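Written out below as structure tokens is the structure these notes cover.
Only a predicted model underlies this, so the values are computations on that prediction, with no experimental measurement involved. Below, all heavy atoms of this structure are taken into account, side chains as well, without hydrogens, waters or symmetry copies.
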Amino acid sequence: MSLPPAVAAAGTTDELANFATWNATTTHLAAPGVGVRSTSHESDSALRYESGSSAACAIVGSAAALLRAAKPAATVAELKWVVGPGGGG
């Protein structure tokens, strides 16, 4: 079984977050994950800033979904290559 790309959280200047577990051999890409503006449960219009690799993973997942919509014939391996280590960021 092939594992999905490993994602690290990055800040506004592309620095890797100090709270995330990452290294040069197992982390495939980084996505915004520090101070990400998000909706809040406090009201219908409330916003707050969140940090975490979960925020970064949501962004990578969204990118993969957009790629899939644009290229519906692409295989899972091709999508992983673009989103993960082969994508060239």
Side-chain angles (χ1 to χ4, degrees):
M1 174 190 224
S2 175
L3 296 174
V7 178
T12 57
T13 59
D14 291 338
E15 77 282 2
L16 295 175
N18 62 359
F19 57 78
T21 303
W22 57 270
N23 69 53
T25 58
T26 61
T27 302
H28 298 109
L29 69 156
V34 178
V36 176
R37 192 163 89 168
S38 182
T39 57
S40 172
H41 69 282
E42 295 168 0
S43 76
D44 289 341
S45 60
L47 298 173
R48 65 184 189 187
Y49 290 88
E50 299 286 341
S51 294
S53 55
S54 295
C57 288
I59 291 169
V60 172
S62 297
L66 289 170
L67 283 168
R68 182 66 166 183
K71 301 285 186 183
T75 66
V76 171
E78 290 169 332
L79 294 172
K80 283 175 65 174
W81 186 86
V82 171
V83 174

Would you compute the distance between atom CG of Leu47 and atom OG of Ser40 and round it to the nearest 0.5 angstrom?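 Rounded to the nearest 0.5 Å, the CG-OG separation comes to 8.0 Å.
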
Shortest non-hydrogen contact between [X] and [Y], atoms and distance:
X: Arg68; Y: Leu79; answer: CD-CD1, 3.5 Å
X: Ala17; Y: Val34; answer: CB-CG2, 3.8 Å
X: Glu78; Y: Ala74; answer: OE1-CA, 3.2 Å

Which atom pairs, donor and acceptor, lie under 3.5 Å between side-chain atoms of residues 48-67 and protein residues at least two apart or in another chain?
unit_1, atom_1, unit_2, atom_2, d
Arg48, NE, Glu50, OE2, 2.4
Arg48, NH2, Glu50, OE2, 3.1
Ser51, OG, Gly35, N, 2.9
Ser62, OG, Ala58, O, 2.9

